Amino acid sequence: LKIMDFDGPVPFRWVGFNFIPGTGPAKKGLLPGQCTWLDREMRPGEPGRLAQPIEKTFEWNKELNSSDSYWTFNVYNAGDQLQATGAERSKKPDIDYTKLGDSIPGGDKFAVARTNVALAANGGVASASSFTPDTEIPGYEFRPSSANDGNISGSTFPHNGFWRDGTDNVWPDWLQIDFAVSKIIEIDVYSVQDTIDTTGPTDKVEGLPFTINGIVDFEVQYWDGSAWQPIPGTMVKGNTRVLNKFILKPAITTTAIRVYVTAALNKRSRIVELEAWK
């Protein structure tokens, strides 16, 4: 994909790319340079160009050409191009197979894509009870914003790889994400991998254990408009897993979630990423 400037329908610069129209829905897979709808193929006559205001492109433009990334765009048809109103990166098309939609040719079903509302690129704002200041360990950064930047592996460590609280052996700690009111169906909490200082972290964390820097006892809570409430089924004791995935049944409607930590390894609480999916 070749990124280029375009003239847009309003008097300022737009950036985007021309693409190869996909012949099936995104869940069927894409070839290099292809784009298609989540639920169907690109139809004859639909625009083969996507564009977005240039001052809003940083979050998706920086990794758009990565061979191991897929992007999902929210768009509307502006006639000669698809106009992007939002974008989210994922390692693969993120399809929620728990919500089946209409049939597509061949008898399959398509599903609705999920959105991580906690992600900074989607408007999520991270805060915490405390964090390790940049001056404590020169060259290392442990800000709350490290935990909603889309990096689930911590691979940018020591620069914004994960959040770490600010005081040794003092609990509780909490990490909070605020967002627009949303109906949340899943929450994912990522701890620090043992390999982060040695062979390097991985995105393949399903079932991966930790022994050095993870959070051990914690609970996920949501804001009900006046107070923090525990989310049923999210209290964890003696955790040893990098990824804790919570499917919420029933879903909750809220504007904020937080991880409330009461015990962690290696003196301080650390969280690589906190995700809230709607």
Side-chain angles (χ1 to χ4, degrees), residues 88 90 94-99 111-131 143-154 162-165 170-193 203 205-210 213-265 268-278:
E88 183 175 353
S90 176
D94 204 336
I95 303 298
D96 179 11
Y97 288 98
T98 66
K99 293 188 175 183
V112 179
R114 305 177 305 163
T115 298
N116 175 16
V117 296
L119 191 68
N122 291 334
V125 178
S127 58
S129 51
S130 67
F131 69 93
R143 298 173 181 272
S145 56
S146 302
N148 73 329
D149 60 0
N151 187 328
I152 65 173
S153 69
F162 53 87
W163 162 72
R164 186 177 84 160
D165 83 276
V170 176
W171 289 279
D173 304 311
W174 51 262
L175 173 72
Q176 176 178 332
I177 309 288
D178 291 83
F179 42 78
V181 60
S182 298
K183 188 174 184 179
I184 307 301
I185 62 172
E186 179 183 324
I187 293 173
D188 298 335
V189 182
Y190 293 82
S191 283
V192 178
Q193 301 171 35
D203 282 331
V205 296
E206 291 281 354
L208 189 67
F210 66 77
N213 290 313
I215 55 174
V216 176
D217 298 343
F218 66 94
E219 180 180 65
V220 186
Q221 303 173 340
Y222 76 99
W223 182 251
D224 70 358
S226 59
W228 289 102
Q229 302 294 340
I231 299 176
T234 66
M235 180 176 284
V236 178
K237 295 287 187 181
N239 178 48
T240 60
R241 294 181 297 173
V242 169
L243 171 60
N244 282 265
K245 184 186 295 286
F246 303 103
I247 307 299
L248 308 187
K249 294 182 180 180
I252 60 168
T253 299
T254 185
T255 59
I257 62 170
R258 72 177 183 177
V259 180
Y260 191 81
V261 184
T262 53
L265 297 183
R268 301 196 190 189
S269 301
R270 299 165 178 82
I271 294 177
V272 171
E273 195 78 3
L274 174 56
E275 300 175 331
W277 298 92
K278 73 170 185 177

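Here the structure is a predicted model, which means the values were calculated and not measured. Residue numbers start at 1 and run along the sequence shown.
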Inter-residue atom distance I252.CD1 - T234.OG1, 0.5 Å rounding = 8.5 Å
Say you draw a straight line from OH of Y260 to CD of Q221; how long is it, rounded to the nearest 0.5 Å?
-> 7.0 Å
Start with the C-alpha distance between I187 and W277, add both sets of side-chain angles, then the distance that settles side-chain contact (heavy atoms from CB on, under 4.5 Å), and finish with yes or no.
-> CA-CA 6 Å; I187 293 173; W277 298 92; over 6 Å; no
Hey, does W223 have a side-chain heavy atom less than 4.5 Å from the side chain of Q229?
-> no
Under 3.5 Å: donor-acceptor pair, side chain of R241, backbone of N239 = no
Can you list the steps and then say if I215 with V259 is a side-chain contact (heavy atoms from CB on, under 4.5 Å)?
-> CA-CA 10 Å; I215 55 174; V259 180; 4.2 Å; yes
After noting the C-alpha distance and the side-chain angles of I184 and T254, does the key distance pass the side-chain contact (heavy atoms from CB on, under 4.5 Å) rule?
-> CA-CA 8 Å; I184 307 301; T254 185; 4.1 Å; yes
Expected output: side-chain D173 to main-chain D165 donor-acceptor under 3.5 Å = no
Nearest-0.5 Å distance that lies between atom OG in S130 and atom CH2 in W163 | 6.5 Å
Side-chain touch W174/S127, heavy atoms, less than 4.5 angstrom | yes
Run through L274, I177, I271 and flag the one making a side chain to side chain contact (heavy atoms under 4.5 Å, CB included) with N148.
-> I177
Nearest 0.5 Å please: distance from the OG1 atom of T262 over to the CH2 atom of W171.
-> 9.5 Å
Between the CD atom in E219 and the CE atom in M235, the distance rounded to the nearest 0.5 Å is 4.0 Å
Checking E273 side chain against D149 main chain: does a donor-acceptor pair fall under 3.5 Å?
-> yes
Side chain to side chain, N213 and S191, heavy atoms closer than 4.5 Å | no
Find the distance between CD (E275) and CG (L243) and round it off to the nearest 0.5 Å.
-> 8.0 Å
Contact check, side chains of F131 and R164, non-hydrogen atoms, under 4.5 Å = no
Among N122, V125, I257, which one satisfies side chain to side chain contact (heavy atoms under 4.5 Å, CB included) with F179?
-> I257
Close side-chain approach of V216 and L265, heavy atoms under 4.5 Å | yes
Test L248 against I185 for side-chain contact (heavy atoms from CB on, under 4.5 Å), laying out the working first.
-> CA-CA 5 Å; L248 308 187; I185 62 172; 5.6 Å; no
Return yes if some donor-acceptor pair links the side-chain N/O of S182 with the main-chain N/O of A180 below 3.5 Å, else return no.
-> yes
For residues V170 and R268, determine if any side-chain heavy atom of one lies less than 4.5 Å from a side-chain heavy atom of the other.
-> no
Is the count of non-hydrogen atoms from other residues, nucleotides or ligands lying under 6.0 Å from K245 atom NZ greater than 12?
-> yes
Is any side-chain heavy atom of V236 less than 4.5 Å from a side-chain heavy atom of F246?
-> yes
Check: K278 and K183 side chains under 4.5 Å, non-hydrogen atoms | no
